[in-house]
J.: 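Here it is, the structure, as structure tokens.
Computed from heavy atoms alone, side chains included, the values below leave out hydrogens, waters and symmetry copies.
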Amino acid sequence: MRAQLDHRQLYRLPWSLPDNSISWLEPTAACNLACFGCYRENEPRSHKSLEQIDYELDVFTRLRTADGISIAGGDPLCHPEIADIIANIESRGIKPILNTNGMALTPDLLRELKKAGLWGLTLHIDSKQNRPKWKNKSEVEHCDLRLEYAEMIAEVGGLSCSFNSTVYEDTLPEVPDLVAWAQKHIDIVNVMVFITFRVGMVGGDFEYYAGGETVELDTVYATNELGRYDIQSTDVLGAVQERFPDFKPCAYLNGTERPDSFKWLLSARIGTRDRIFGYVGPKFMELAQTTHHFRHGKYPAYANPRALRRGRSMMLLSPLDRGVRGAAGSWLQTLLTQPRTALGRAHLQSIMMIQPVDLLPDGRQDMCDSCPDQTVWHDRLVWSCRLEEPMVYGDFLRTRRRAAEQETH
């Protein structure tokens, strides 16, 4: 069931191309896994030098104000100088966030990276990754693996802990189970991200152009073997709301072609392992974004885990936000009937649903407007999720419906 939303009732996140919460650094294209749905070609000998990385960081700081930098790839833990990369980012006053599958992560390495300045981790774990010992395991079964990493991060302490997974047609029904699992570990899991599966621009009704030249799309994003590739963020939301009717988003990013599309759909909830008191509303998120920007000149990327433990203090904002007001009322009711539960530490946890590029019927490409995951290519800020196109064809692909199809529409 696809959820119905009115974008005018949500807070449109204020990020822009030059003033954003995040930037995206790829120090290597090497990876130790082969995941379905990955848009990056695995290149084992692709490690960038520290000098090249330093130059790309200079481009970011010149063109884009960001609170955090996602260090991705490939898998960045494959880079032999990852600690130096983290230290470079931290020295610039930017939060280094490691995006990794976790295969190479150990407690000792994690402590070393924290010492270098690591702020947090986003671990990509899903059932289509062909992990050794985890093949043919469901998304729910993979929660055992997620918990191993969450407990490792909590043991080291002081680091943001996030998980993301790609949502496929056959794994969509399991998303509510992952949301429920996240609540059970709300004290050590700060963020859950669900990214809907895409194969980019694919389909026989379109022609593809790189610059003014036509190209055959046979080497980039050219597979549809995993079922639907048009899953929307509202499909994910609908699946969650079927099980948790009170689940509510508060903020979004729209598309470049459709102002009422939901490319990034954000929810934030206040609760404990045993109970969710409520979901913050758009005014809370607006206040969080604008206050941070007023104080620091940047929109916030990842919050400090210590701040996320102050869920009860956040309820003091009840006069300003309807969602927080509802959470505070639920907490007061719990205080009367289950005082031990209500007086425990409450946490703020974010749930994000991301919908990548959509190819519209007339050939327009609906990207994420104000995309946070911009990376550097030839001194330009470009979409990281489509970097294979300029790497292979020299430019981003343009699409249009074939002439015969245009005549019938």
J.: Can you tell me if N164 and H124 form a side-chain donor-acceptor pair at under 3.5 Å?
T.: yes

J.: Does K128 count as lying over the ring of Y168, i.e. NZ or CZ under 6.0 Å from the six-ring centre, within 45 degrees of the axis?
T.: yes

J.: To the nearest 0.5 Å, how far apart are CG in L320 and NZ in K283?
T.: 9.5 Å

J.: Go through D260 and R8 one step at a time and tell me if the salt bridge (charged side-chain N to carboxylate O under 4.0 Å, His left out) criterion holds.
T.: CA-CA 9 Å; D260 59 346; R8 296 167 297 180; over 6 Å; no

J.: Would you indicate whether D6, at its atom CG, is surrounded by more than 12 heavy atoms from other residues, nucleotides or ligands within a distance under 6.0 Å?
T.: yes

J.: Does a donor on one side chain and an acceptor on the other come within less than 3.5 Å for R269 and Q183?
T.: no

J.: Calculate, to the nearest 0.5 Å, the distance between atoms OG1 and CD belonging to T291 and E286 respectively.
T.: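 It is 9.5 Å, given to the nearest 0.5 Å.
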
J.: If you measure from CZ on F197 to CG on D170, what distance do you get to the nearest 0.5 Å?
T.: 10.5 Å

J.: Hey, can you tell me if W181 and F163 have their rings parallel, tilted or perpendicular (30° and 60° cut-offs)?
T.: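 Correct class here is perpendicular.
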
J.: To the closest 0.5 Å, what do you measure between CE (M315) and CH2 (W331)?
T.: 7.0 Å

J.: To the closest 0.5 Å, what do you measure between CG (L118) and CD1 (I85)?
T.: 12.0 Å

J.: Answer with yes or no whether the side chains of W15 and Q289 bring together a donor and an acceptor at under 3.5 Å.
T.: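 There is such a pair (donor and acceptor under 3.5 Å, judged by atom type) between the side chains of Q289 and W15.
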
J.: Could you tell me if Q355 and T196 have a donor-acceptor pair between their side chains, going purely by distance under 3.5 Å?
T.: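 No, Q355 and T196 have no side-chain donor paired with an acceptor closer than 3.5 Å.
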
J.: Check the angle between the aromatic planes of H79 and H47 and answer parallel, tilted or perpendicular using the 30° and 60° thresholds.
T.: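 Taking H47 first and then H79, their aromatic rings sit tilted (interplane angle of 30° to 60°).
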
J.: I need the C250 SG to L10 CG distance, nearest 0.5 Å.
T.: 7.5 Å

J.: Between N254 and R258, is any side-chain donor less than 3.5 angstrom from a side-chain acceptor?
T.: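 Short answer, no.
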
J.: Does CZ in R322 sit with more than 12 non-hydrogen atoms of other residues, nucleotides or ligands closer than 6.0 Å?
T.: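 Open.
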
J.: Verify the distance criterion only: is there a donor paired with an acceptor across the side chains of S233 and Y252 at less than 3.5 Å?
T.: no

J.: Could you tell me whether a side-chain N or O of D246 sits under 3.5 Å from a main-chain N or O of G278, the two making a donor and an acceptor?
T.: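 It does not hold such a pair.
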
J.: Say whether T100 and D75, considering side chains only, have a donor N or O and an acceptor N or O under 3.5 Å apart.
T.: yes

